[in-house]
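For clarity, every value in this text was computed on a predicted model and none was experimentally measured. Residue numbers start from 1 in every chain, and the chains themselves are labelled A, B, ... in the order their sequence lines are given, proteins ahead of strands.
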Number of protein chains: 2
Amino acid sequence: MSLTEAKQNPDTRERILDAAEALFVEHGFEATTMRLITGRAGVNLAAINYHFGSKEALIQDVFRRRLTWLNEARLSALERFEKEARGAPLKPHQIVEAFFGVSLRMAADTEHGGHTFMRLLGRTYTEPSAFVRQFLADEYAAVVPRFKQALFRALPDVPPEEILWRFHFMLGAMSYAIAGTDALQLVAEHELDEKDPEALSRRLMPFLLGGLRAPLAGQAVKAKEKTPRKAA
Amino acid sequence: MSLTEAKQNPDTRERILDAAEALFVEHGFEATTMRLITGRAGVNLAAINYHFGSKEALIQDVFRRRLTWLNEARLSALERFEKEARGAPLKPHQIVEAFFGVSLRMAADTEHGGHTFMRLLGRTYTEPSAFVRQFLADEYAAVVPRFKQALFRALPDVPPEEILWRFHFMLGAMSYAIAGTDALQLVAEHELDEKDPEALSRRLMPFLLGGLRAPLAGQAVKAKEKTPRKAA
DNA sequence: GTCTATATCATGATAGAC
DNA sequence: GTCTATCATGATATAGAC
């Protein structure tokens, strides 16, 4: 420890971020008080205002810490597929993989907090607080248009508006899937095998693809004789 | 007006319920103060405690007012299909219609508050507050097992555990679909034609069915040698 | 950088006049 | 049943000693 920097406890910031992240998932933003956060982090009450300025700024930093990376990973996954495709439209399963697969992999990381964060993120999509919503919109501004374009090209027969809705539906399904234990107990009284995070991906991805490529409302017949959609 | 009941303003209760419902959707439970509620309802601050006893009791009454009816409607729709089927397993689309179709029809009712309530309900599935979660679990206790059984019978080739997950995914997709304007703005910068509520049903139901009946993970092309699969 | 102590404010709830 | 006035509590945020 040098004399100039009196950083006695260099990870105070991180401890606060970790504690806040976990508590926000558990109790929501409003119900999570600064006393709760600093208590769990084992730091002083005043530390939040010193390190972040305000509770609101802390919330934003909790997101920024991981969301920036996540969206970059989503984009680079998409770009990797696009490079492979050499200008041809991507397959739907590739786009879904780039966006949701990357998310699920982050959610599978229980060691470094990725799981907790993804639960928080899913919960926050429906968070009505104005400044959080605005913040999310900014963070997604670079990512969403790219995926929209890719989906439009991949599914030229589906009206763009329909694709946007289905993208939205997929977001909802994933968020609930990750929120997991909380909401799932409504439908399953006993614990499901949430232990294996890889399993969630194997369960969710087929569901998403099935929904994304489902026949449109008007054109579905009794799809018995019809050949089932080929799964890529 | 009789002399015995001094109900000067018989709809004060309802006015409070309406205001609370709308504000809970907009700001969440914690952030919605009793002053906000009584202010919007145009009643006195003390009225909530007089009529409901506490804020917590008010929250429960907001749900009870509509959720009881909703779940009865879901059940009777299911029973109508089961009567028609005469002991044969239902079609998946019938089960989805009974549960989600009924919900969407309620969400389509913008006149009498059904829309607002369904948004609140969707938002609340991920609500972490303990007493709300317990309350929801109780309200769903009579409904969920019936739908689970119907799905198990309708999809004998799909492992029950998988069906529960897909039920869960469907709940998530629907909740987001109804939450609508809030979360959707992430993916669609402009307003979609949310005006027509019937349109949502035409969009969501195919998606749900497509996901519910999607081929299982190992089953499609990437054949794991592990499980013998039957033709789709 | 960290702590104690505190300022300031908003909350849920209640007592009591009308 | 409705209102005003108020209590006790707990919130965010800050000042100032160390």
Side-chain angles (χ1 to χ4, degrees), chain A residues 1-63 127-132 135, chain B residues 1-63 127-132 135:
Chain A
M1 283 284 170
S2 82
L3 285 162
T4 48
E5 51 180 31
K7 276 199 165 188
Q8 236 176 353
N9 203 349
D11 54 350
T12 293
R13 246 188 90 97
E14 292 291 314
R15 309 246 319 267
I16 292 175
L17 287 171
D18 288 341
E21 191 174 63
L23 286 166
F24 287 153
V25 176
E26 212 168 329
H27 304 114
F29 297 120
E30 293 279 340
T32 299
T33 68
M34 295 168 69
R35 283 169 176 81
L36 271 175
I37 297 170
T38 51
R40 176 188 277 225
V43 303
N44 188 271
L45 171 61
I48 286 183
N49 278 291
Y50 177 78
H51 284 282
F52 301 92
S54 71
K55 184 184 179 184
E56 211 169 89
L58 168 63
I59 294 177
Q60 297 196 0
D61 274 5
V62 165
F63 281 99
E127 172 69 32
S129 157
F131 89 95
V132 176
F135 175 76
Chain B
M1 283 278 172
S2 82
L3 286 164
T4 48
E5 50 182 33
K7 276 199 165 190
Q8 237 178 350
N9 202 348
D11 55 350
T12 293
R13 248 188 89 96
E14 292 291 314
R15 309 244 319 267
I16 292 175
L17 287 171
D18 288 340
E21 192 174 62
L23 286 166
F24 287 154
V25 175
E26 212 168 329
H27 304 114
F29 297 121
E30 293 278 340
T32 300
T33 68
M34 296 169 70
R35 284 168 177 81
L36 270 177
I37 298 170
T38 51
R40 176 187 278 225
V43 302
N44 187 272
L45 170 61
I48 285 183
N49 278 291
Y50 178 80
H51 284 280
F52 300 92
S54 71
K55 184 185 178 183
E56 210 168 90
L58 168 63
I59 294 176
Q60 296 196 0
D61 274 5
V62 165
F63 282 98
E127 172 69 33
S129 157
F131 91 95
V132 175
F135 176 77

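Residues in residues 41-63 of chain B take part in these salt bridge (charged side-chain N to carboxylate O under 4.0 Å, His left out) pairs, two or more places apart or across chains: B/R13-B/D61, B/D61-B/R64. Sorted by first and then second residue, the pairs that involve residues 26-45 of chain A and meet ring pair (Phe, Tyr, Trp, His ring centres under 6.0 Å), not counting sequence neighbours, are A/F24-A/F29.
In this entry the distance linking CG of B/L58 with P of C/dT11 reads 16 Å, nearest Å. Spacing between atom CZ of B/F52 and atom P of D/dG1 amounts to 12 Å, rounded to whole angstrom units. Separating the CG atom of A/L36 from the P atom of D/dG10 is a distance of 12 Å, rounded to the nearest angstrom.
With contacts defined as side-chain heavy-atom distances shorter than 4.5 Å, the pair A/F52/A/I16 qualifies. The shortest side-chain heavy-atom distance between B/E14 and B/L17 falls under the 4.5 Å cut-off. Contact of the A/N44 side chain with the A/Y50 side chain is not registered, since no non-hydrogen atoms from C-beta on lie closer than 4.5 Å.
Every residue two or more places apart in sequence or in another chain that forms a side chain to side chain contact (heavy atoms under 4.5 Å, CB included) with B/A19 is listed here: B/I37, B/R40, B/A41. Under the salt bridge (charged side-chain N to carboxylate O under 4.0 Å, His left out) criterion, B/R35 pairs with no residue, sequence neighbours left out.
Both key distances under 3.5 Å define a Watson-Crick or G-U pair, and stretches of 3 or more such consecutive pairs in DNA chain C run C:1-18 with D:1-18.
Mapping B/A31 and A/G42 onto DNA chain C via the closest heavy atom, the residue that lands nearer the 5' end is A/G42.
Remark: A/N44 is in phosphate contact with C/dT4, judged by side-chain N or O atoms under 4.0 Å from OP1 or OP2. Taking only side-chain nitrogens and oxygens, A/T12 never comes nearer than 4.0 Å to OP1 or OP2 of C/dG1.
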Inset, instruction - For each nucleotide in nucleotides 12-18 of chain D, reading 5' to 3', give B when a protein heavy atom comes within less than 4.0 Å of its base, S when such contact involves only the sugar-phosphate, and - otherwise. - result: BBB----

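Considering every non-hydrogen atom in both B/T32 and B/L23, the closest pair reads OG1-O, 3.1 Å.
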